[in-house]
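Structure first, then comments.
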Number of protein chains: 2
Amino acid sequence: MALKHTLLAFLARQSLSGYEIAKEFEEGFGSCFWKASQQQIYAELAKLEQQGEISYEAIPQLGRLDKKIYSLTPQGQQHLVDWLQRPTEPTVIREDLGVMGLAGHLIPPQAVVRELGRRRALHAEKLRQMQTLTTTLPMGSPESKDLYMHLILRRAIRYQEDWVAWCDEALQAIAQHG
Amino acid sequence: MALKHTLLAFLARQSLSGYEIAKEFEEGFGSCFWKASQQQIYAELAKLEQQGEISYEAIPQLGRLDKKIYSLTPQGQQHLVDWLQRPTEPTVIREDLGVMGLAGHLIPPQAVVRELGRRRALHAEKLRQMQTLTTTLPMGSPESKDLYMHLILRRAIRYQEDWVAWCDEALQAIAQHG
DNA sequence: TATTTGTATTCAAAAAATTGAATACAAGTA
DNA sequence: TACTTGTATTCAATTTTTTGAATACAAATA
């Protein structure tokens, strides 16, 4: 799995608590290329800590449970660097809408059109979110760190744009057909 | 999960054996929107059969194990139709290359460039495969069945095209950056 | 004839992800 | 003050996926 490596990569940029990482995955930069639930993240952090890849500093909170700020250990950094130099795998595609394409003839065309419209709106909204995220990124610095972030966000933006464009294409094809 | 529904959708088009479905998922039309291993498919077919969603006819093979040709039962078809009318979820993205973008500054830029080149080639090859698949699809019939198949394949083609284009964009940005 | 490739299915263990919570308290809103 | 939202972590059961096989034989190739 690579949730492990994704967490290491996050912590390579800055030290964070489980909660902060989970938020990143939910709304922030992480949301454009990795999905993981809060529980998954907490479980994995605990495991990585146990394996000595990361360590934490417990920050006492006023009257509540300690906040654990995790950072990479040298061992964790080494593992991350090793992993980064290995070839990547494209994300696994499991697309419900493809299944609809296989058996869509079993339901009324309006149902298909409705779903395409829904998906179009969904991807357009996601696109908007990604564009907003872009504005929060540090700009124009000569650091490759920032360049890479921009490229990944570009990837996410293109992806959503492509979905919107395809939905339009599909909707038009169905309109012309029927 | 929706491997279940994907299998039902395949069997709604034609009756197939586990082996034939697995081949579809590996190389054929299925490969553009759903990933599943052979074992997963056999296990799921057995489960669906046990639940009465599909049934099989055992075809005795010369000297080898029977081939099981599965078909949808009316119950299975009903479940599929119900499922098809529910809103779809976009595929879950877990993209290793995004992780590289997060922590790519920890490795030499050449390593990043090499990986982008590798991925470009990989997606270009996949694109070629998808384009070949297009030629095997029935064309121009007025059946919505065929229209939908074309649209899904279009989605898969656009996806790979977009990857190739982004790799080029990223490679260029890195080259300009120095 | 020996080896590889293709057809066809099954088993089992381990890893990972999902689902659905519970706990605890602060701060802001109605 | 009651309610909701946000911060922060943890537990447990179940479902899904992945990994790595074993079995069996036909047909094609070397």
Side-chain angles (χ1 to χ4, degrees), chain A residues 1-8 10 15-28 30-31 33-51 53-54 56-70 83 89-96 99, chain B residues 1-8 10 15-28 30-31 33-51 54 56-70 89-96 99:
Chain A
M1 99 150 147
L3 171 56
K4 172 178 165 176
H5 301 106
T6 310
L7 293 175
L8 294 178
F10 264 99
S15 298
L16 294 165
S17 70
Y19 186 77
E20 288 163 327
I21 294 178
K23 226 171 43 173
E24 257 305 313
F25 274 61
E26 191 68 26
E27 310 154 17
S31 74
F33 64 87
W34 208 273
K35 201 211 143 186
S37 67
Q38 221 176 22
Q39 300 93 311
Q40 219 188 325
I41 290 165
Y42 278 108
E44 196 63 31
L45 284 172
K47 209 167 115 192
L48 285 171
E49 196 271 324
Q50 215 200 323
Q51 291 169 352
E53 309 269 321
I54 61 181
Y56 66 86
E57 195 195 349
I59 310 288
Q61 303 289 100
L62 336 153
R64 60 173 97 161
L65 288 174
D66 288 2
K67 185 173 174 169
K68 293 179 184 172
I69 303 288
Y70 289 95
W83 183 80
E89 282 302 321
T91 191
V92 167
I93 298 174
R94 294 207 169 105
E95 184 54 72
D96 285 357
V99 181
Chain B
M1 100 150 146
L3 172 57
K4 171 178 165 176
H5 302 104
T6 310
L7 293 176
L8 293 178
F10 263 99
S15 299
L16 294 164
S17 70
Y19 185 77
E20 288 163 328
I21 294 178
K23 226 171 43 173
E24 257 305 312
F25 273 61
E26 191 68 27
E27 310 154 17
S31 73
F33 64 87
W34 209 272
K35 202 211 144 187
S37 66
Q38 222 177 22
Q39 300 93 311
Q40 220 188 325
I41 291 164
Y42 278 108
E44 196 63 32
L45 285 172
K47 209 167 114 192
L48 285 170
E49 196 270 324
Q50 214 200 324
Q51 291 169 351
I54 61 180
Y56 66 86
E57 196 195 348
I59 309 288
Q61 305 287 100
L62 337 152
R64 60 174 97 161
L65 288 174
D66 287 2
K67 183 174 177 170
K68 294 177 183 172
I69 304 289
Y70 288 96
E89 282 303 320
T91 190
V92 168
I93 297 174
R94 292 207 171 106
E95 184 54 70
D96 285 357
V99 181

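Convention: sequence-line order gives letters A, B, ...; per-chain numbering from 1.
The Gln39(A) side chain lies nearest to dC11(D) when the options are dG6(C), dA17(C), dC11(D). The side chain of Lys68(A) sits closest to dT9(D) out of dA17(C), dT9(D), dT19(D). The nucleotide whose nearest atom lies closest to any side-chain atom of Lys47(B) is, among dT18(C), dT16(D), dC11(D), dT16(D).
The shortest distance between the side-chain N/O atoms of Tyr19(A) and the OP1/OP2 oxygens of dT7(D) is below 4.0 Å. Phosphate proximity of dA24(C) to Lys67(A): absent, as no side-chain N or O sits under 4.0 Å from OP1 or OP2. A sub-4.0 Å separation between OP1 or OP2 of dT7(D) and a side-chain N or O of Lys23(A) is present. Between dT9(D) and Tyr42(A), a contact under 4.0 Å exists linking OP1 or OP2 to a side-chain N or O. Put simply, Lys35(A) has a side-chain N or O that comes within less than 4.0 Å of OP1 or OP2 on dT18(C).
Within 6.0 Å of atom CD in Gln51(B), more than 12 heavy atoms from other residues, nucleotides or ligands are found, so the atom counts as buried in its surroundings. For Glu57(B), the CD atom is loosely surrounded, since the number of other residues' heavy atoms within 6.0 Å does not exceed 12.
The distance between atom CD of Glu26(B) and atom C1' of dA8(C), rounded to the nearest whole Å, is 15 Å. Leu48(B) has its CG atom 11 Å from the P atom of dT16(D), to the nearest Å. Atom NZ of Lys4(A) is separated from atom P of dA15(C) by 11 Å (rounded to the nearest Å). We find that CD of Glu24(B) is positioned 17 Å from C1' of dA8(C), with the value rounded to whole Å. Glu20(B) has its CD atom 8 Å from the P atom of dT9(C), to the nearest Å. Between the C1' atom of dT17(D) and the CD1 atom of Ile41(B) lies a distance of 12 Å, rounded to the nearest Å. Atom CD in Gln40(A) sits roughly 18 Å away from atom P in dA12(D) (whole-Å rounding). Remark: C1' of dT16(D) and CD of Glu89(B) are 16 Å apart, rounded to the nearest angstrom.
Every side-chain hydrogen bond (donor to acceptor under 3.5 Å, both in side chains) that Ser17(A) has, sequence neighbours left out, goes to Glu20(A). Checked against ring pair (Phe, Tyr, Trp, His ring centres under 6.0 Å), Tyr56(B) has the following partners two or more places apart in sequence or in another chain: Tyr70(B).
Along DNA chain C, the nucleotide nearest to Ile69(B) and the one nearest to Val92(B) differ in position, and the one closer to the 5' end is contacted by Ile69(B).
Across all strands shown, Gln38(B) has heavy atoms under 4.0 Å from base atoms, whether or not it also approaches the sugar-phosphate.
At a threshold of 4.5 Å between non-hydrogen side-chain atoms, the residues Phe33(B) and Thr6(B) count as touching.
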